[in-house]
Amino acid sequence: SGGAILVIENASAAEPSVTATDLISSLLPLAGDPGRSADLPWDPSGVGLGLGETIFSTADPIDLMDPATWVLDVPLYNGAAGPFSILDAIGVLTGADDILVQEGPHDHCASPPQPAPPGYEGLRRVSVQPSDFDSCLQWWTIDLFVTAEGNIRAITYDFWEP
């Protein structure tokens, strides 16, 4: 699952929990083996997959073992041409020296925090992103939206406009 060092930073008033670290540590191996998605606590009612604050599809947890499920067939997003693979973005994190794990709203590079997708506002947000980038053009994040029971109800990929 790569030798990434988890750099925990807090974007909210509460300290990040071990659960956030555990969620991200379990998420990283999916890039090389989506079959390991069974190791994650997905919401049994379905998992929203999206870009930024828009959910484009909902998958049954079992379908997350198929790499094609992670591809969002969206022609354009923030000035970039799709389709976009959340799994590929996770793969970039597995080779990073340092990654940043945060709980709660986080800055959108140099901009204020972006809202959660509609319908996911009340859920806990756990995000992961590379900790080292030179400009906002290189900034991106993966956000998990987690229920009070600890189940992942949605996962989104967001990045700054290229």
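Nothing fancy with the numbering, it's 1 onward along the sequence. A quick note: this is a predicted structure, and the numbers were derived from the prediction, not measured.
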> Under a 3.5 Å threshold, yes or no: a donor from one side chain and an acceptor from the other, between W139 and Q129?
yes
> For residues S135 and W160, determine if any side-chain heavy atom of one lies less than 4.5 Å from a side-chain heavy atom of the other.
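Counting from C-beta outward, S135 and W160 never come under 4.5 Å.
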> Report the relative orientation of the aromatic rings in F84 and Y77; use parallel for angles under 30°, tilted for 30 to 60°, perpendicular for over 60°.
perpendicular
> Can a donor-acceptor pair be found, under 3.5 Å and without considering hydrogens, that links the side chain of D98 to the backbone of P130?
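No, D98 side chain to P130 backbone: no donor-acceptor pair under 3.5 Å.
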> What residue pairs, at least two apart or across chains, pass salt bridge (Lys or Arg N to Asp or Glu O under 4.0 Å) with a residue in residues 140-152?
R125-D143
> Are P44 and N151 side-chain neighbours, meaning at least one heavy-atom pair lies under 4.5 Å?
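A side-chain contact exists here, since the closest heavy-atom pair is under 4.5 Å.
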> For a quick test of your reading: what N or O donor-acceptor pairs under 3.5 Å do the side chains of residues 47-63 make, sequence neighbours left out?
none

> Looking at side-chain heavy atoms only, is the closest gap between D158 and W140 below 4.5 Å?
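Counting from C-beta outward, D158 and W140 never come under 4.5 Å.
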> Less than 3.5 Å apart, which donor and acceptor atoms pair up between the side chains of residues 27-34 and the rest of the protein, not counting sequence neighbours?
unit_1 : atom_1 : unit_2 : atom_2 : d
D33    : OD1    : G35    : N      : 3.1

> If hydrophobic clusters are built from ILVMFWY residues whose side chains come within less than 4.5 Å, do V126 and L93 share one?
yes
> So I99 and V128, do their side chains get closer than 4.5 Å, heavy atoms only?
yes
> Contact between P41 and L23 at the side-chain level, heavy atoms closer than 4.5 Å - yes or no?
yes
